[in-house]
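Scroll down for the structure; my scribbles are underneath it.
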Amino acid sequence: MAQKYADVDAYLADLDERPAAGVRQLRRWVHEEVPGLSETIAYNMPTFRRGEATVLHVAGWRRFVSVYPEPPAPPDDPGLVLDLAPYSSGKGTLRFPLAGLDEQLVRRTLRALGRA
């Protein structure tokens with residue numbers, strides 16, 4: 001049975017250093033781009049909420065970090081969906097490689113999710 005995490009810090013403590021660093025970086029960017037979100041664990045992964053509504057989930061893997069869900073095309077950044085296409089793995093999941101994590105693209109994604 002998979003480990004059940006009490007909070008985001010427990011989740012991070014269980015990851016190898018490289019994916020943990022990626023999730024920590026995303027965590028910082030989430031709070032910078034979408035202030036006021038709370039943190040919890042849902043579906044056994046870090047989850048960011050506004051009130052009771054889930055805004056996004058993140059997960060750390062050996063070679064990438066995942067963001068769920070993919071954002072809809074924001075009116076002020078219509079090219080975002082095309083820019084995210086190479087990172088889409090289906091079923092609303094984005095996979096950003098840990099090697100060369102594209103900060104600007106991830107931040108655009110987080111802003112779009114924060115407005116959705």
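Quantities reported herein were computed from a predicted structural model and do not represent experimental measurements.
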Please lay out, stage by stage, how Leu12 and Arg27 fare under the test side chain to side chain contact (heavy atoms under 4.5 Å, CB included). CA-CA 11 Å; Leu12 288 166; Arg27 183 186 199 186; 3.4 Å; yes
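- The ring pair (Phe, Tyr, Trp, His ring centres under 6.0 Å) test applied to Tyr68 returns no partner, not counting sequence neighbours.
- Residues in residues 56-76 take part in these salt bridge (charged side-chain N to carboxylate O under 4.0 Å, His left out) pairs, two or more places apart or across chains: Asp76-Arg115.
- The cluster map of Ile, Leu, Val, Met, Phe, Trp and Tyr, joined by side-chain heavy atoms under 4.5 Å apart, puts Tyr43 and Trp61 in the same cluster.
- Residues Lys4 and Asn44 share a closest heavy-atom pair of CA-OD1, 3.5 Å.
- When all heavy atoms of Val58 and Val23 are compared, the pair lying nearest together is CG2-CG1, 4.1 Å.
- With sequence neighbours left out, Thr93 forms a side chain to side chain donor-acceptor pair (under 3.5 Å) with no residue at all.
- Residues Val81 and Leu56 do not share a hydrophobic cluster, defined by chaining ILVMFWY side chains whose heavy atoms lie under 4.5 Å apart.
- The two residues Pro71 and Leu80 come nearest to each other via the heavy atoms CG-CD2, 4.0 Å.
- A side-chain donor-acceptor contact under 3.5 Å links Thr47 to the backbone of Ala42.
- For Val34, the side-chain contact (heavy atoms from CB on, under 4.5 Å) partners two or more places apart in sequence, or in a different chain, are Leu37, Arg50.
- Screening residues 97-116 for ring-ring contact (aromatic ring centres under 6.0 Å, His included), with sequence neighbours left out, gives no hits.
- Scored by the salt bridge (charged side-chain N to carboxylate O under 4.0 Å, His left out) test, Arg111 finds Glu33 as partners (sequence neighbours excluded).
- For the salt bridge (charged side-chain N to carboxylate O under 4.0 Å, His left out) test, residues two or more places apart in sequence or in another chain that qualify with Glu17 are Arg24.
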Test ring pair (Phe, Tyr, Trp, His ring centres under 6.0 Å) on Phe48 and His57; report intermediate values, then the result. CA-CA 6 Å; Phe48 299 88; His57 306 278; 9.1 Å; no
For Val67 and Leu113, run side chain to side chain contact (heavy atoms under 4.5 Å, CB included): C-alpha distance rounded to whole Å, both residues' side-chain angles, the deciding distance at 0.1 Å, then the answer. CA-CA 10 Å; Val67 173; Leu113 287 166; 3.8 Å; yes
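- Every side-chain contact (heavy atoms from CB on, under 4.5 Å) that Ala10 has, sequence neighbours left out, goes to Tyr5, Asp7.
- Considering only residues two or more places apart in sequence or on other chains, Asp16 meets the side-chain contact (heavy atoms from CB on, under 4.5 Å) condition with Pro19.
- Heavy-atom contacts from other residues, nucleotides or ligands closer than 6.0 Å to CH2 of Trp29 number more than 12.
- To the nearest 0.5 angstrom, Ser66 atom OG is 8.5 Å from Leu94 atom CG.
- For the side chain to side chain donor-acceptor pair (under 3.5 Å) test, residues two or more places apart in sequence or in another chain that qualify with Thr54 are Arg49.
- Distance CD/Glu52 to OG1/Thr40: 9.5 Å, rounded to 0.5 Å.
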Contacts table for residues 96-105: side-chain donor-acceptor under 3.5 angstrom, sequence neighbours left out:
from	atom 1	to	atom 2	distance (Å)
Asp102	OD1	Gln104	N	3.3
Asp102	OD1	Leu105	N	3.1
Glu103	OE2	Arg107	NE	2.8
Glu103	OE2	Arg107	NH2	3.2

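- Of the possible donor and acceptor atoms, one in the side chain of Tyr11 sits under 3.5 Å from a partner among the backbone N and O of Gly60.
- Take Asp83 and apply the salt bridge (charged side-chain N to carboxylate O under 4.0 Å, His left out) test, not counting sequence neighbours, and it matches Arg108.
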